[in-house]
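Values in this document were obtained by computation on a predicted structure and should not be read as measured data. The chains referred to below are lettered A, B, ... by the order of the sequence lines, with proteins before strands, and numbering in each begins at 1.
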Amino acid sequence: MKNQEIAKILYEIADLLEIEGVEFKPRAYRRAAQNIESLSVDIEELYKKGQLDKIPGVGKSIAEKIKEYLETGKVRKLEELRKKIPVDIESLSAVEGLGPRMIKTLYEKLGVKNLDDLERVCKERRLRRLKGFGEKLERKILENIQLVKQRQQQRFLLGFVLPEANAIVEELKPYVKKISLAGSIRRRKETIGDVDILAVADEPEYVMDLFTGMKRVEKVLAKGKTKSSVRLYGGIQVDLRIVEEESFGSALQYFTGSKEHNIEVRKIAIKHGYKLNEYGLFKGEKKIAGKDEEEVYKALGMQWIPPELRENRGEIEAALNGSLPKLVEYEDVKGDLQMHTKWSDGANTIEEMVQEAKKLGHKFIAITDHVGSLKIAGGMDEEDVKEQAKEIEKIREKYDDIYIFHGVEANIMKDGSLDVSNSLLKEVDLVLASVHSAFRMDEKEMTKRVIKAIEHEYVDIIAHPTCRIIQKREPIKLDIEKVFEAAKENDVIMEINAYPDRLDLNDIHTKMAIEMGIKISIGTDAHSKEHLKFYELGVAVARRGWAEKKDIINTYNIEELRKLFQK
DNA sequence: GCCGTTTTCGGCCCGACTGTTTTCAGTCG
């Protein structure tokens with residue numbers, strides 16, 4: 001699938017045009033890029049069907065460039081722009097305070113093409129002599145270059161930040177009238193740059209004192225009456241803003257984003273002759289909404305949009321015509337369908353996992369220890385599985401309010417076969433299959449490999465289908481659409497692995513799978529009882545993927561699941 | 001370059017902040 005590649009090209013064209021000072025076109029290219037990026041179908045398919053212009057923001061000219069790229073692997077317009085402005089935009093614009101206009105000036109006047117050039121002209125004090133630049137700016141840029149250099153991957157995993165952010169909210173709650181997370185963490189994005197918190201308080205100064213004085217604060221970065229920023233131990237930055245009660249809703253809407261979502265919402269406001277900002281929705285001077293989010297959306301003729309959907313991926317249109325999905329709720333999930341115990345590489349016994357799952361309110365769990373050749377993860381053989389079955393049977397008798405499915409996680413070998421016999425797989429209720437080795441095959445081979453596993457007569461679920469580890473390992477190369485088609489045909493379920501650095505399937509793939517009629521399971525892949533709480537992250541991905549209750553099998557009752565796992 | 005129940009031409013999101021200026025351009029979220 002070349003959607004991401006094409007989006008990247010369009011973004012680069014947008015940046016280069018912006019540097020050239022071209023008006024409006026950059027926005028058009030970015031809009032198209034953004035829509036292509038979050039497309040849930042393969043753009044090449046659309047092209048073959050002659051439906052490129054069905055993509056919002058893609059007109060005749062951009063469609064032409066997509067066609068050119070798909071046919072020749074190049075876009076002449078981009079080549080020309082690169083020749084004209086041979087600068088490393090990606091790293092230069094990563095420098096805070098440096099935008100396209102300055103990049104252009106720096107290139108034209110001082111020949112700055114990359115970070116090293118930029119650092120040099122700053123150190124040589126040549127930047128400050130340019131018109132419109134000055135000493136302060138030069139110093140700031142120099143500082144920010146260092147930040148870019150050391151930053152690289154400074155985003156934090158949702159799963160590790162969310163508990164801390166929630167704890168801060170709880171800590172401040174007794175002293176404020178209203179409080180909520182905002183920003184990407186409220187939208188439950190898989191990684192978080194910084195945490196935004198919004199509150200209403202009678203005594204803002206006192207709340208700011210509490211906030212900046214928290215034990216978990218390493219450094220206070222800024223402190224004011226309406227906004228304070230701190231850095232916690234561990235490096236994450238948290239901003240607290242205090243707003244007027246009458247504006248809480250519009251401020252929450254504004255600070256929750258995403259930016260792209262807000263742009264569209266504001267356009268709708270304009271169509272109505274209104275103006276929307278963080279202080280409220282205004283008709284002329286008169287404020288007509290702003291106290292809570294619901295009334296803001298309502299005044300614009302829209303349904304309230306759950307934060308997880310606010311990515312400008314079609315939720316605006318749906319909210320306008322009242323067709324938003326009824327998203328699966330966090331409390332709809334009644335169990336966890338992947339976890340490991342001491343039988344393979346887990347830290348706890350089956351019974352300990354059962355007790356912890358009960359605490360979380362689960363009605364069922366699946367024990368899915370490794371089997372077969374994955375010796376490093378303690379893969380069980382057929383004898384072990386039989387022994388384990390006996391233990392599970394005993395525990396089932398002891399706990400009548402939670403059901404234990406006996407499953408296994410089998411490895412998909414290089415040729416697509418599983419590394420265990422059918423006689424072992426027949427022993428258990430549930431078979432997960434997943435790739436744990438040879439991650440670097442080409443797309444064609446890898447797709448064939450996974451599809452072969454999907455076609456296996458005993459496989460129920462493909463676990464962590466793309467094998468990505470966020471910020472560490474790229475996803476395996478898969479023709480995801482072909483994989484999903486095979487899954488659909490063979491009634492195989494796709495997993496959302498809820499472990500914080502996996503979240504695999506991701507949101508976009510989840511949406512795509514659901515649109516193709518595939519069922520989704522959520523599994524934490526817990527290797528200790530403490531990991532079981534991560535199931536919420538799986539629900540978050542499901543919601544970001546527009547999943548309804550019926551799409552997620554963890555919402556089913558035990559009888560329905562038994563039927564589903566009959567293979 | 002795209003788009004349209006106010007338009008097929010004339011628009012394109014908004015406000016705050018910073019650093020540089022003396023009324024504003026550029027950047028950010």
Side-chain angles (χ1 to χ4, degrees), chain A residues 10-11 13-36 52-66 75 77-78 81 92-106 127-141 143-144 182-184 186-187 189 192-196 198 222 224 226-227 229 237 239 241 243 247 250-282 300-301 310 312 316-317 320-321:
Chain A
L10 297 180
Y11 278 127
I13 294 177
D15 285 341
L16 288 166
L17 287 173
E18 189 145 38
I19 287 183
E20 283 225 293
V22 178
E23 276 193 300
F24 306 115
K25 288 188 190 183
R27 197 176 298 164
Y29 276 99
R30 282 201 189 103
R31 185 168 124 81
Q34 202 225 335
N35 285 323
I36 289 166
L52 284 176
D53 58 357
K54 290 254 168 72
I55 305 167
V58 175
K60 218 174 129 195
S61 168
I62 292 181
E64 200 51 47
K65 294 186 176 66
I66 296 170
V75 180
K77 169 107 175 174
L78 176 60
L81 282 167
L92 284 178
S93 53
V95 178
E96 181 103 346
L98 203 58
R101 309 297 306 160
M102 286 193 190
I103 291 175
K104 182 186 187 208
T105 310
L106 289 171
L127 188 138
R128 64 176 69 176
R129 293 206 293 267
L130 293 178
K131 194 173 162 214
F133 291 73
E135 202 182 324
K136 267 189 180 166
L137 202 55
E138 185 180 88
R139 220 176 306 136
K140 195 173 92 179
I141 286 174
E143 274 171 31
N144 289 341
S184 55
R186 182 167 181 240
R187 303 200 311 278
K189 256 192 92 165
I192 304 296
D194 55 23
V195 174
D196 289 312
L198 213 60
T226 60
K227 186 187 163 185
S229 298
Q237 184 177 327
D239 296 345
R241 286 188 173 81
V243 299
S247 300
S250 44
L252 188 56
Q253 198 281 329
Y254 176 84
F255 286 114
T256 296
S258 66
K259 188 181 169 187
E260 292 75 18
H261 172 91
N262 285 355
I263 288 172
E264 294 306 315
V265 174
R266 266 178 239 141
K267 280 189 202 164
I268 290 165
I270 291 168
K271 266 190 203 157
H272 283 79
Y274 303 154
K275 186 177 70 173
L276 178 63
N277 58 31
E278 59 262 53
Y279 301 107
L281 181 65
F282 296 90
L300 294 173
R310 299 185 195 172
N312 192 24
I316 308 260
E317 293 80 352
L320 280 170
N321 57 38

Could you tell me which residues satisfy salt bridge (Lys or Arg N to Asp or Glu O under 4.0 Å) with [X], sequence neighbours excluded, listed by chain and number?
X	answer
A/Glu138	A/Arg128
A/Asp15	A/Arg30
A/Glu20	A/Lys84

Practice task
Starting at atom CD1 of A/Ile66, determine the distance to atom C1' of B/dC2, rounded to an integer number of angstrom.
Solution key: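 Rounding to the nearest Å, CD1 of A/Ile66 and C1' of B/dC2 are 13 Å apart.
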Handout entry: Rounded distance (Å) that lies between atom C1' of B/dG15 and atom CZ of A/Phe282
Key =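 Between C1' of B/dG15 and CZ of A/Phe282: 12 Å.
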[atom1] gap between [N] and [M], integer Å:
N	M	atom1	answer
B/dT7	B/dC12	C1'	13 Å
B/dG29	B/dT21	P	24 Å
B/dT6	B/dG11	C1'	13 Å
B/dT5	B/dG1	P	23 Å
B/dT18	B/dG10	P	40 Å
B/dC3	B/dT8	C1'	9 Å
B/dA16	B/dT22	P	24 Å

Practice task
Give every residue pair that meets the salt bridge (charged side-chain N to carboxylate O under 4.0 Å, His left out) criterion with at least one member in residues 255-264 of chain A, sequence neighbours excluded.
Solution key: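 Residue pairs passing salt bridge (charged side-chain N to carboxylate O under 4.0 Å, His left out), neighbours aside: A/Glu264-A/Lys267.
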Practice task
Compare all side-chain heavy atoms of A/Tyr29 with those of A/Ser61 and state whether any distance is below 4.5 angstrom.
Solution key: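 A/Tyr29 vs A/Ser61: side chains touch.
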Exercise for the section: Using a cut-off of strictly less than 4.0 Å, decide whether A/Asn277 has a side-chain nitrogen or oxygen near OP1 or OP2 of B/dG15. Expected result: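 Affirmative; the distance criterion is met.
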Practice task
May I ask you to say what A/Lys25 touches in the nucleic acid, namely base, sugar-phosphate or nothing, with a heavy-atom cut-off under 4.0 Å?
Solution key: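 Base contact - A/Lys25 has a heavy atom under 4.0 Å of at least one base atom.
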Exercise for the section: Scan A/Lys227 against the nucleic acid and name what it touches under 4.0 Å (heavy atoms): base, sugar-phosphate only, or nothing. Expected result: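 A/Lys227: no heavy atom of the nucleic acid under 4.0 Å.
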Practice task
Could you please name the partner base of B/dC2, counting Watson-Crick and G-U wobble pairs only when both distances are under 3.5 Å?
Solution key: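 Matched B/dC2 with B/dG11 under the 3.5 Å cut-off.
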Handout entry: Which residues share a side-chain hydrogen bond (donor to acceptor under 3.5 Å, both in side chains) with A/Ser250, sequence neighbours left out
Key =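 Partners of A/Ser250 under the side-chain hydrogen bond (donor to acceptor under 3.5 Å, both in side chains) test: none.
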Could you list, one pair per line, each protein nitrogen or oxygen that sits under 3.5 Å from a nitrogen or oxygen of nucleotides 3-11 of chain B, together with the distance?
residue: B/dC3; atom: OP1; partner: A/Gly57; partner atom: N; Å: 2.7

Problem - Electrostatic pair A/Glu135:A/Arg139 at N-O distance under 4.0 angstrom - result: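 A salt bridge links A/Glu135 with A/Arg139.
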Problem - Counterpart residues, side-chain contact (heavy atoms from CB on, under 4.5 Å), relative to A/Ala28 (two or more places apart) - result: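 A/Ala28 satisfies side-chain contact (heavy atoms from CB on, under 4.5 Å) with no other residue.
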Enumerate donor-acceptor pairs with a distance under 3.5 Å from any side-chain N or O in residues 268-278 of chain A to protein atoms, sequence neighbours excluded.
residue: A/His272; atom: ND1; partner: A/Ile268; partner atom: O; Å: 3.0
residue: A/Asn277; atom: OD1; partner: A/Tyr279; partner atom: N; Å: 2.8
residue: A/Asn277; atom: OD1; partner: A/Gly280; partner atom: N; Å: 3.2

Exercise for the section: Indicate for each nucleotide in nucleotides 18-29 of chain B, in 5' to 3' sequence, whether protein heavy atoms under 4.0 Å reach the base (B), only the sugar-phosphate (S), or nothing (-). Expected result: --S-----SSSB
Practice task
For B/dT22, decide between syn and anti, treating a glycosidic angle within 90° of 0 as syn.
Solution key: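 With its glycosidic angle more than 90° from zero, B/dT22 counts as anti.
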